[in-house]
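Here the structure comes first, spelled out in C-alpha cells, and everything after it is commentary.
This structure is a prediction, so every number in the text was calculated from the model and none was measured. Keep in mind that the numbers below use all heavy atoms, side chains included, and drop hydrogens, waters and symmetry copies.
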Amino acid sequence: MKKDKSRFFQDVYEVVRLIPEGRVTSYGAIANYLGTKGSARMVGWAMNNSFSEVDSVPAHRVVNRNGLLTGKNHFATPTLMQELLEKEGIKVKNDQIQHFDSYFWDPAIEIGF
DNA sequence: TTTTTGACGATTC
DNA sequence: AGAATCGCCAAAA
C-alpha cells in the first residue's frame, strides 16, 4: 500500500461515517478508539478537514463529551448541526443533546472488534 | 524544523 | 458549582 502516513484523519472519517443515525459520539470516544485518547482535539481538527474530503462525514453526530454541540459553529450554519440531529430523532435543547447518554455510541464498544 | 493552533478533556482554583 | 488552566497530540503555516 502507499498512503499509510497520516491515517489518523482517515481513521476518524471512517469511524464517524460508521456512526448509525440517531446516535452520537464524543471526540474523546473516537480518539480512544483510535488509540490516541489524548488527541480528542485532533478528531475535531479532522472534522474541519473533513469538509475537504470527498466523503460526507456526519460531523453533526460528533459532539464533545458533555453532549454539547461545540462544533456547531463550524458548520455551514450554527443551526445546521442541531437541525440534522433533531431530524434523526435526537432532541437538542440549547445546544445540549437530551438523553445524551442514551444516544451515545462508542465505537470501541459498538464495533469493539 | 520550529511554532502555533485547535470542533477536547480532566484537573485545579 | 462554576471558571480558569494545564495537558495531549497531531497537522498546518
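- A straight line from CZ of A/Phe8 to C1' of C/dC8 spans 11 Å, rounded to a whole angstrom.
- Side-chain contact check for A/Trp105 versus A/Leu18: some heavy-atom pair is nearer than 4.5 Å.
- Among residues at least two apart or in separate chains, there is no salt bridge (charged side-chain N to carboxylate O under 4.0 Å, His left out) pair with a member in residues 74-86 of chain A.
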*Could you run down nucleotides 7-13 of chain B 5' to 3' and tag each one B, S or - for protein heavy-atom contact under 4.0 Å?*
BBSS---
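- The shortest heavy-atom contact between A/Val24 and A/Phe100 is CG2-CE1, 3.6 Å.
- Among the protein residues, A/Asn73 comes within range of no part of the nucleic acid, since none of its heavy atoms lies under 4.0 Å from any strand.
- Of the residues near DNA chain C, A/Asn49 and A/Ser39, the one whose nearest nucleotide (by heavy atom distance) lies more toward the 5' end is A/Ser39.
- Between the A/Tyr103 side chain and the A/Arg61 main chain, no donor and acceptor come within less than 3.5 Å of each other.
- Using a 4.5 Å cut-off on side-chain heavy atoms (C-beta onward), A/Ile97 and A/Val63 make contact.
- Closest of all the heavy-atom pairs between A/Phe75 and A/Ala59 is CZ-C, 3.6 Å.
- Pairs of Watson-Crick or G-U wobble type, with distances under 3.5 Å, assemble into runs of 3 or more in DNA chain B at these ranges: B:2-6 with C:9-13, B:8-13 with C:2-7.
- A/His60 and A/Glu88 share a side-chain donor-acceptor pair at under 3.5 Å.
- Counting only heavy atoms from C-beta outward, the side chains of A/Val92 and A/Met81 never approach each other to under 4.5 Å.
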